[in-house]
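Residue numbering restarts at 1 for every chain, and letters A, B, ... go by the order of the sequence lines.
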Amino acid sequence: MEQLHAQLAKAITELYPSLDIKAELSRTDEQFGDYATNVALQLAGRLGRSPREIATELTNKLSDIAGDTVKDITIAGPGFINIRVSDEQLITTLKNATQKPQVYSGQKVVTEYSDPNPFKVLHVGHLYTTLVGDVISRIIAATGGDVHRVNFGGDVGLHVAKSMWGILQELGGEHPDKLEAAAGDDLHSRSKWLSSCYIQGNTAYEADEAAKAEIVAVNKKVYEVHAQNDHESAFARIYWTCREWSYDYFKAFYNDLEVVPFEKYYPESVTTPTGIQTVQEQLNNGVYEESNGAVVFNGEKFGLHTRVFINSQGLPTYEAKDVGLIMQKWRDYAFDLSIIITGNDIVEYMKVVQKSIEQFMPELTKRSHHLAHGNVKMTGGIKMSSRKGNGLLAVDVLDAAMEAAREAGLDNRQTTLAAVKYALLRSRIGGDIIYDPKESVSLEGNSGPYLQYAHARARSILAKAEGETLSMPDGLDAGERSLVRKMSEYPEIVERAAKELLPHHLCTYLYELAQVFNRFYEHNRVVGDERQAVRLQLVALYADVLRDGLGLLGIEAPDRL
RNA sequence: GCACCCGUAGCUCAGCUGGAUAGAGCGUUGGCUUGCGGAGCCAAAGGUCGUAGGUUCGAAUCCUGUCGGGUGUACCA
């Protein structure tokens with residue numbers, strides 16, 4: 001494609017040297033050709049001539065330049081130029097079938113996602129952002145980026161105070177020695193216990209003024225634990241133990257999902273001092289201002305809204321902590337690009353924080369990119385186990401997937417994981433996702449298990465022909481050509497997914513590829529055919545592309561299902 | 001009120017850097033079956049791309065209005 005693109009550009013500049021026009025080349029429908037360009041249509045207006053006339057001129061020029069690399073060039077419709085490359089040219093793409101364009105070469109990229117809060121449960125949002133973040137990180141790494149995965153979470157703040165208050169109620173006071181008895185000795189019972197304590201605290205906070213006052217006091221106490229680096233007091237021992245339990249639970253979650261582990265975890269307690277310091281410095285510089293006893297950023301000046309960074313009690317809000325996080329990431333990595341992946345409910349919030357930082361470190365904002373996604377909903381409602389509160393949990397989705405898989409007769413862990421991952425990744429990032437467990441585990445249609453099956457099927461053809469020779473084609477028949485043509489798109493798709501940070505392009509492509517292969521396979525014999533050696537080679541390459549693509553999506557491609 | 005996001009076939013989604021008859025899957029209807037894994041293939045029905053304007057040779061795609069849904073809007077995260 002690059003070669004053809006250069007040839008087209010050359011043809012344009014040679015014919016119309018005075019015009020500065022982009023040589024746009026795109027993939028087109030197979031019936032038209034391999035590539036198409038609409039430059040003749042664009043030139044028509046500028047030259048005041050008929051588009052088809054220009055197209056003819058360009059076609060002749062391009063034929064001269066491209067020579068053998070092009071099979072035929074046709075003009076269609078209002079003036080599209082359709083180009084079919086030679087079979088030989090197409091075959092050369094097979095040599096680098098899974099090679100990826102190094103679009104992030106030489107760049108240090110920090111990706112932040114997942115962001116669960118210690119002491120609290122993992123919601124679907126955490127599941128989704130974890131998977132999206134993992135895949136985006138994989139794609140950037142595969143395209144040459146030096147990726148650093150980081151995680152952020154609130155180990156201080158009101159929600160922690162609510163949890164701690166609930167914990168103290170359960171323990172009947174500051175009795176760290178009673179923790180194990182109350183919470184149990186395994187990961188899951190402990191995380192359940194912690195989340196029930198949070199619910200208890202949250203409920204009391206809203207219903208009971210006295211409890212609310214106590215929780216506010218606990219909040220301050222948690223900050224003091226950090227300020228004094230207290231690991232000795234009874235209160236501190238409870239706090240640190242429970243915080244550790246939460247982290248253990250998160251780690252187990254990531255492990256279960258088979259995502260790449262995080263390199264660094266930034267707890268809010270760590271980013272807070274940096275945040276406060278930065279905000280105070282910039283308060284003196286006039287970036288932030290005092291208002292009603294609080295430190296705010298006046299976003300209205302920029303068409304945004306005003307937000308509080310340090311509240312009137314002198315405590316930092318999420319805003320200040322986030323400023324601290326960004327500063328620390330910068331100090332730790334001096335990144336070229338920082339990608340933050342969160343739900344889209346905080347886009348406005350993030351704009352305010354970024355705008356405030358832009359006032360004193362514009363370079364930092366320029367290198368930061370906030371990627372926001374929608375909410376995940378599940379068809380058929382949520383099965384509320386034995387808990388209060390609302391909202392879909394990560395386990396609800398995973399449980400539903402497992403149950404659907406079992407009903408479909410697949411209780412393979414890899415298949416279930418593939419089902420969930422693919423279902424959440426196949427839609428464009430941004431909008432809400434409707435998760436249908438039954439559909440996600442189906443082996444028919446656009447699903448993760450279907451692609452795993454497609455891959456396994458190809459591998460089994462190869463296994464059956466073990467010992468037979470494979471050879472690269474020197475020519476292609478129609479069916480083979482369609483398959484090779486589709487495979488040759490792979491690097492372009494990876495490039496697009498990488499540049500746009502949109503993994504769903506990969507899903508769409510892999511599914512289409514499987515369809516093209518199935519069509520080929522239905523109509524062409526592989527084993528036993530006189531073109532067996534060539535076709536086996538194509539099957540092998542197809543299986544490699546599928547495995548490679550699924551790998552970028554964090555989905556295993558086992559040889560057998 | 002204001003700001004941001006979303007609105008494409010019955011359902012779930014692609015397509016959005018403007019281009020050729022708007023594509024898939026599920027579901028529905030019909031066909032292929034001694035098959036290299038049929039978990040597939042072939043085909044049909046189904047869409048005034050929320051709606052009204054505008055820009056353009058050309059708009060699902062860009063702009064404006066409008067309707068519907070979601071989210072955010074000072075001391076929560």
Pairs: protein N or O with nucleotides 24-26 of chain B N or O, under 3.5 Å:
residue, atom, partner, partner atom, Å
B/A24, O3', A/Gln515, NE2, 3.3
B/G25, OP1, A/Gln515, NE2, 3.4
B/G25, O2', A/Asn446, N, 3.4

Next item on the list: Would you sort out whether A/Tyr239 and A/Phe119 count as a ring pair (Phe, Tyr, Trp, His ring centres under 6.0 Å), showing the intermediate values?
Entry: CA-CA 10 Å; A/Tyr239 171 81; A/Phe119 299 89; 5.5 Å; yes

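Look at A/Ser427 and you won't find any side-chain N or O under 4.0 angstrom from OP1 or OP2 of B/C13. Side-chain nitrogen and oxygen atoms of A/Lys321 include at least one within less than 4.0 Å of the OP1 or OP2 phosphate oxygen of B/A77. Residue A/Arg428 has no polar side-chain atom (N or O) positioned under 4.0 Å from OP1 or OP2 of B/U12.
Ring geometry, A/Tyr265 versus A/Phe250: the interplanar angle falls under 30°, so the pair is classed parallel (tilted spans 30 to 60°).
Under a 4.0 Å N-O distance rule, the pair A/Arg307/A/Asp322 does not qualify as a salt bridge.
For A/Glu206 (side chain) and A/Thr203 (main-chain N/O), no donor-acceptor pair under 3.5 Å exists by modelled atom type.
Between A/Phe80 atom CZ and B/G18 atom P there is a gap of 13 Å when expressed in whole angstrom units. We find that CD of A/Glu24 is positioned 10 Å from C1' of B/G18, with the value rounded to whole Å.
A/Ser312 contributes a side-chain N or O that forms a donor-acceptor pair with the base of B/C75 under 3.5 Å. Residue-to-nucleotide contacts include a donor-acceptor pair under 3.5 Å from the side chain of A/Asn82 to the base of B/A20. Contact of A/Thr28 with B/A20 (side chain to base): a donor-acceptor pair of N or O atoms is detected under 3.5 Å. Judged by atom type and distance alone, A/Glu300 does not reach the base of B/U73 through any side-chain donor-acceptor pair under 3.5 Å.
Here the side chain of A/Asn518 is nearest to one of B/G37, B/A74, B/G40, namely B/G40. Residue A/Thr317 places its side chain closer to B/C75 than to any other of B/C75, B/A74, B/A20. For A/Ile346, taking side-chain heavy atoms from C-beta onward, the closest of the listed nucleotides B/A20, B/A74, B/A77 is B/A77. Between B/A77, B/G40, B/G72, one nucleotide has an atom nearer to the side chain of A/Glu348 than all others, and that is B/G72.
A/Ile434 comes within contact range of the sugar-phosphate backbone alone, with a heavy-atom separation under 4.0 Å but no base atom that close. Residue-level contact check: A/Asp529 touches neither bases nor backbone, having no heavy atom under 4.0 Å from any strand.
Nucleotides of RNA chain B nearest to A/Glu500 and A/Glu522 differ in position, and the one nearer the 5' end is that of A/Glu500.
The aromatic ring of A/Phe32 is stacked on the base of B/A20, with the two ring centres less than 5.5 Å apart and the planes inclined by under 30°.
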